[in-house]
Each structure stands twice: as C-alpha cells, then as structure tokens.
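This report refers to the structure that appears directly beneath it.
This is a predicted model, so every value here is computed, not measured. Quick note: numbers below take in every heavy atom, side chains included, and nothing from hydrogens, waters or symmetry partners. All ligand and atom numbering here is 1-based and tracks the order in the structure.
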Amino acid sequence: MKTVFVLNGPNLNMLGKREPSIYGTQTLDGIAGLCRESGRSLGVEVDFRQTNHEGVLVDWIHEAADRAAGIVINAAAYTHTSIALLDAVKAVQPLPVVEVHLSNIHAREPFRHVSMIAPNAVGMICGFGPLGYTLALQALAARL
Ligand code: DQA
C-alpha cells in the first residue's frame, strides 16, 4: 500500500482552542482521524505528523522522497515565509505535493496571500476547514 505523508506546521497542535472563529473547533487529533479514515477508503496509508519547527518540516519532506508516494502539507505560517520549504519541495520533485489550509488564506491579511509552496505544488485547497484535508488526499490519491 502506498504511504502519503500529511505534514502540519506550527501552531496547528493548538487547533480546537486556537482562534475557533477562523479555524473551527476540530482538534488536530480529530483531523488525523479523518485523514486515516479517508486514507482507508482511498487505499493509501496516512502518516500524519505535526511540528512547530521549520527544519523538522524540511527533514520530513526529504524523508518523504524515500518513504512516501506523495505529501499533503499544511505548513501554516511557514507557508508564507519559508524559502527552505520552497527549496525542499523542489528538491524532492517529482514527488507530488498538495497544499492545504483550513482557512481561505486569500480572504485574509495580504501577507497570507503568498505561498512559497504553491508554485511547486500539484494544487492547493483552502477555506473548507478539515474537509480540505480529505479533499487533498482524494486529489493526491487520484494522481497516484
Ligand atoms: C493556516 C493559514 C496560515 O496563514 C496560518 O498561519 C496558519 C493556518 C490554515 O490552515 O488556515 O497557521 O495554514
């Protein structure tokens, strides 16, 4: 069975408590459960992870090149700032990467409209809350 890494960046461990009017009340554990369930129905194994550290995300993207068929990533704030993540995603090409955000980053502050990942991603899903993760997995599985 193919493995898909679902990688989560900083502050996403606070979901449930963090700005619920923007991010909703679902916890990250709840989203992990949704992803695993969706992986089962799509026939892929989901390896779900979260870190608050940029370099750890870089390491996991490199690891995916050997151990995964694709990546779903919510890099959170690093999405908008991290040239290291841009380079990491390029370094593992052609490994497919799907970007996801809970909120509609284009309807928020201008600094959130920029993504370092999107230019090298297969696609990006934002604004649909936790459903976005399952949509991203579906899109990635269809591509695999
Ligand atoms: C986020 C959007 C980012 O702008 C923000 O920094 C996050 C979460 C989202 O899922 O909506 O931490 O990636």
Side-chain angles (χ1 to χ4, degrees), residues 3-42 44-65 67-144:
T3 299
V4 170
F5 279 13
V6 179
L7 304 181
N8 294 277
N11 301 304
L12 293 173
N13 56 312
M14 300 297 286
L15 288 177
K17 296 186 263 219
R18 175 191 180 202
E19 299 183 88
S21 60
I22 296 175
Y23 299 116
T25 51
Q26 180 73 276
T27 63
L28 193 64
D29 275 352
I31 294 175
L34 285 177
C35 286
R36 290 195 188 101
E37 193 180 298
S38 158
R40 272 193 292 280
S41 67
L42 293 166
V44 297
E45 195 192 328
V46 169
D47 188 335
F48 192 97
R49 306 178 186 188
Q50 188 273 335
T51 178
N52 291 320
H53 305 280
E54 184 177 15
V56 175
L57 282 174
V58 170
D59 288 342
W60 286 347
I61 292 167
H62 295 172
E63 184 187 336
R67 298 207 34 246
I71 299 174
V72 169
I73 187 165
N74 183 351
Y78 290 136
T79 305
H80 316 300
T81 60
S82 178
I83 293 167
L85 287 184
L86 182 163
D87 286 345
V89 166
K90 282 180 89 170
V92 299
Q93 275 175 349
L95 190 73
V97 174
V98 177
E99 179 177 350
V100 65
H101 298 283
L102 294 157
S103 63
N104 178 357
I105 57 174
H106 299 291
R108 300 183 63 194
E109 304 95 320
F111 64 83
R112 294 188 205 272
H113 300 179
V114 176
S115 168
M116 296 291 158
I117 294 168
N120 295 294
V122 173
M124 193 243 266
I125 294 165
C126 71
F128 298 103
L131 174 66
Y133 281 75
T134 55
L135 295 174
L137 281 168
Q138 212 180 317
L140 189 56
R143 181 145 181 134
L144 302 175

Per-atom contacts, ligand 1 versus Arg18 - under 4.0 Å to a heavy atom
7 (C), 12 (O)

Considering only heavy atoms of Ala77, which atoms of ligand 1 have at least one such atom less than 4.0 Å away?
6 (O), 12 (O)

Under 4.0 Å between heavy atoms, the region of His101 that gets near ligand 1 turns out to be both

Using modelled atom types only, decide if a donor and an acceptor are shared between the side chain of Asp47 and the backbone of Val4 within a distance under 3.5 Å.
no

Taking atom 9 (C) of ligand 1 as the reference point, the nearest protein heavy atom with its distance
Leu102 N, 3.4 Å

Within the structure, does Arg108 bring an N/O atom to less than 3.5 angstrom of an N/O atom in ligand 1?
no

In the protein, what heavy atom is nearest to atom 11 (O) of ligand 1, and what distance, to one decimal place, separates them?
Ser103 OG, 2.6 Å

Is there a donor-acceptor pair under 3.5 Å between the side chain of Glu99 and the backbone N or O of Ile125?
no

Any N or O on Asn74 sitting closer than 3.5 Å to an N or O of ligand 1?
yes

Side chain, backbone, both or neither: which part of Ile22 has a heavy atom under 4.0 Å from ligand 1?
neither

If only atom types and distance count, is the side chain of His80 paired as donor or acceptor with the main-chain N or O of Met116 below 3.5 Å?
no

Could you tell me whether a side-chain N or O of Thr79 sits under 3.5 Å from a main-chain N or O of Ala76, the two making a donor and an acceptor?
yes

So which protein heavy atom does atom 5 (C) of ligand 1 come closest to, and at what separation?
Arg112 NH1, 3.3 Å

Heavy-atom closest contact (Leu34 atom, Thr134 atom, distance)
O-CG2, 3.9 Å

Just to be sure I read this right, does ligand 1 sit under 4.0 Å from the backbone of His113, its side chain, both, or neither, counting only heavy atoms?
neither

Quick check against the 3.5 Å criterion: does Asn13 have a side-chain atom that pairs as donor or acceptor with the backbone of Thr51?
no

Does any part of the side chain of Leu12, heavy atoms only, come nearer than 4.5 Å to the side chain of Tyr23, both counted from C-beta?
no

Determine, step by step, whether Ile73 and Val98 satisfy the side-chain contact (heavy atoms from CB on, under 4.5 Å) criterion, reporting the C-alpha distance in whole Å, the side-chain angles of both residues, the deciding distance to 0.1 Å, and the verdict.
CA-CA 6 Å; Ile73 187 165; Val98 177; over 6 Å; no

Geometric N/O contact Val100 with ligand 1, under 3.5 angstrom:
no

To check your reading of the model: name the closest protein heavy atom to atom 3 (C) of ligand 1, its residue, and the distance in Å.
His80 NE2, 3.4 Å

